[in-house]
Amino acid sequence: HLRFEVLCRGLDLRGKRVLDIGCGLGDFIPWAEGKFGSDFDYLGIDFSRGLIATARQRFGGPRRRFLEGTIAPGISIGEFDISVLSGTLTFKTSDNFSTMRTILAVAWERSREAVCSNFMTNYADSELEKNFHYSPEQVFGFAKTLSRFVVLHHDYDLWEFTIQVLREPTLRRSIEQ
């Protein structure tokens, strides 16, 4: 669960509305409940009917909802405090950068506090043909078009990096400096 730890580094989900884009089987839920308790609302969204059905069966409830679909512009799913994407943008598409920009921008529009996403890094020792490996510099550059406050974590023992796009800075200068 190192991915989830880094994804939510410095964040607190208690009392928040969380959107999990590309939620798969909903594995974020038990990790988040173990770390923050159960006081958060969760919507997992994925385009796989089978994954959503299994996630609903495993974790569904009044504060744990799942939706089959996408977060394309114009889809009405409400606003959230924090949006997370874990492994969502891993596989190659016809235009990974365009897909990444669209999904992060739509998530940003729906998030009051943060959008956090991990990506396979192009600094990996090897790459699988099915996966797309992003340039951390290019993803950071795009994230800076969304907010002044962007954190790039490339300091953990996986061949990936995490971007946190924030509405407010996580660190503030002391008035007495």
Side-chain angles (χ1 to χ4, degrees), residues 1-71 77-91 99-100 103-104 106-108 110-121 124 128 130-134 136 139-140 143 146-147 149-168 170-171:
H1 294 87
L2 178 59
R3 284 184 176 95
F4 298 149
E5 285 287 338
V6 177
L7 206 59
C8 294
R9 190 185 286 177
L11 301 176
D12 187 348
L13 302 186
R14 287 176 281 227
K16 307 293 179 166
R17 292 194 72 216
V18 177
L19 174 62
D20 185 355
I21 301 164
C23 68
L25 296 170
D27 292 328
F28 182 81
I29 291 173
W31 173 84
E33 288 176 343
K35 176 120 179 138
F36 301 105
S38 61
D39 182 27
F40 62 92
D41 292 304
Y42 172 96
L43 175 63
I45 188 166
D46 202 294
F47 58 76
S48 170
R49 176 175 286 148
L51 293 177
I52 288 296
T54 301
R56 269 192 197 118
Q57 181 181 12
R58 291 172 70 201
F59 304 115
R63 299 188 71 187
R64 307 292 184 261
R65 297 179 309 120
F66 295 91
L67 177 67
E68 179 188 344
T70 69
I71 64 154
I77 57 172
E79 283 195 358
F80 298 84
D81 297 302
I82 298 167
S83 293
V84 296
L85 298 88
S86 185
T88 305
L89 300 169
T90 298
F91 296 109
T99 301
M100 177 269 300
I103 291 175
L104 291 186
V106 171
W108 182 246
R110 296 179 180 173
S111 301
R112 291 183 284 264
E113 294 181 24
V115 174
C116 307
S117 181
N118 51 35
F119 302 86
M120 302 293 290
T121 181
L128 295 176
K130 67 180 181 170
N131 294 338
F132 188 81
H133 290 253
Y134 292 83
V139 175
F140 182 84
L146 300 174
S147 175
F149 309 111
V150 177
V151 179
L152 169 66
H153 297 291
H154 204 305
D155 61 342
Y156 54 108
D157 196 22
L158 297 172
W159 295 113
E160 62 186 47
F161 64 96
T162 295
I163 287 278
Q164 294 177 314
V165 187
L166 308 165
R167 298 267 178 203
E168 299 288 332
T170 55
L171 301 173

- Would you check, one step at a time, whether the test side chain to side chain contact (heavy atoms under 4.5 Å, CB included) holds for Phe40 with Glu33? CA-CA 9 Å; Phe40 62 92; Glu33 288 176 343; 4.0 Å; yes
- Take Leu89 and Phe132 through the side chain to side chain contact (heavy atoms under 4.5 Å, CB included) test and state the conclusion after the steps. CA-CA 8 Å; Leu89 300 169; Phe132 188 81; over 6 Å; no
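Interatomic distance, Ser38 OG to Ile29 CD1, rounded to the nearest 0.5 Å: 11.5 Å. To the nearest 0.5 Å, the span separating OG1 on Thr88 from CG on Asn118 amounts to 7.5 Å. Atom-to-atom distance recorded for Cys8:SG and Phe36:CZ is 5.5 Å, nearest 0.5 angstrom. Residue Met100 holds its CE atom at 11.5 Å from CG of Leu85, rounded to the nearest 0.5 Å. Atom-to-atom distance recorded for Leu19:CG and Arg65:CZ is 10.0 Å, nearest 0.5 angstrom. In this structure, CG in Leu152 is found 6.5 Å from CZ in Phe161, a value given to the nearest 0.5 Å.
Every residue was checked against the side chain to side chain donor-acceptor pair (under 3.5 Å) condition with Asn131, not counting sequence neighbours, and none meets it. Applying the side chain to side chain contact (heavy atoms under 4.5 Å, CB included) test to Leu67 and every residue at least two apart in sequence or in another chain returns Leu43, Ile45, Ile77. With sequence neighbours left out, the side chain to side chain contact (heavy atoms under 4.5 Å, CB included) criterion links Leu158 to Leu2, Arg3, Tyr156, Glu160. Listed by chain and residue number, nothing satisfies the salt bridge (Lys or Arg N to Asp or Glu O under 4.0 Å) test with Asp46 (two or more places apart in sequence, or in another chain). For Ser117, there are no side chain to side chain donor-acceptor pair (under 3.5 Å) partners at least two apart in sequence or on another chain. Remark: Arg17 pairs with no residue by the salt bridge (Lys or Arg N to Asp or Glu O under 4.0 Å) rule, at least two apart or across chains. In this structure, the side chain to side chain donor-acceptor pair (under 3.5 Å) partners of Thr121, at least two apart in sequence or on a different chain, are His154. Residues satisfying the side chain to side chain contact (heavy atoms under 4.5 Å, CB included) criterion with Ala55, sequence neighbours excluded, are Phe66. Residues that satisfy the side chain to side chain contact (heavy atoms under 4.5 Å, CB included) test with Asp155, not counting sequence neighbours, are Arg9, His153. Among residues two or more places apart in sequence or in another chain, the ring pair (Phe, Tyr, Trp, His ring centres under 6.0 Å) test is passed with Phe4 by His1, Phe28, Trp31.
Taking the side chain as every heavy atom from C-beta outward, Arg110 and Val115 never approach each other to under 4.5 Å. The side-chain heavy atoms of Pro30 and Phe59, taken from C-beta on, include a pair separated by under 4.5 Å. The shortest side-chain heavy-atom distance between Val165 and Leu104 does not fall under the 4.5 Å cut-off. At least one side-chain heavy atom of Leu11 sits less than 4.5 Å from a side-chain heavy atom of Leu166.
Between Asp81 and the options Arg167, Lys16, Arg112, a salt bridge (charged side-chain N to carboxylate O under 4.0 Å, His left out) holds for only Arg112.
When all heavy atoms of Ile163 and Phe140 are compared, the pair lying nearest together is CD1-CA, 3.9 Å. Nearest heavy atom pair, residue Asp39 against residue Arg63, reads OD1-NH2, 3.2 Å. Residues Ala107 and Ile71 share a closest heavy-atom pair of N-CD1, 3.9 Å. Contact detail for Cys23 and Ile52: the closest heavy-atom pair is SG-CD1, 3.7 Å. Contact detail for Thr90 and Gly87: the closest heavy-atom pair is OG1-O, 3.0 Å.
A distance-only check finds no donor-acceptor pair linking the side chain of Glu79 to the backbone of Ser111 [under 3.5 Å].
Contacts classified as side chain to side chain donor-acceptor pair (under 3.5 Å) and involving residues 51-62 (residues at least two apart or in different chains) are given here: Asp27-Arg58.
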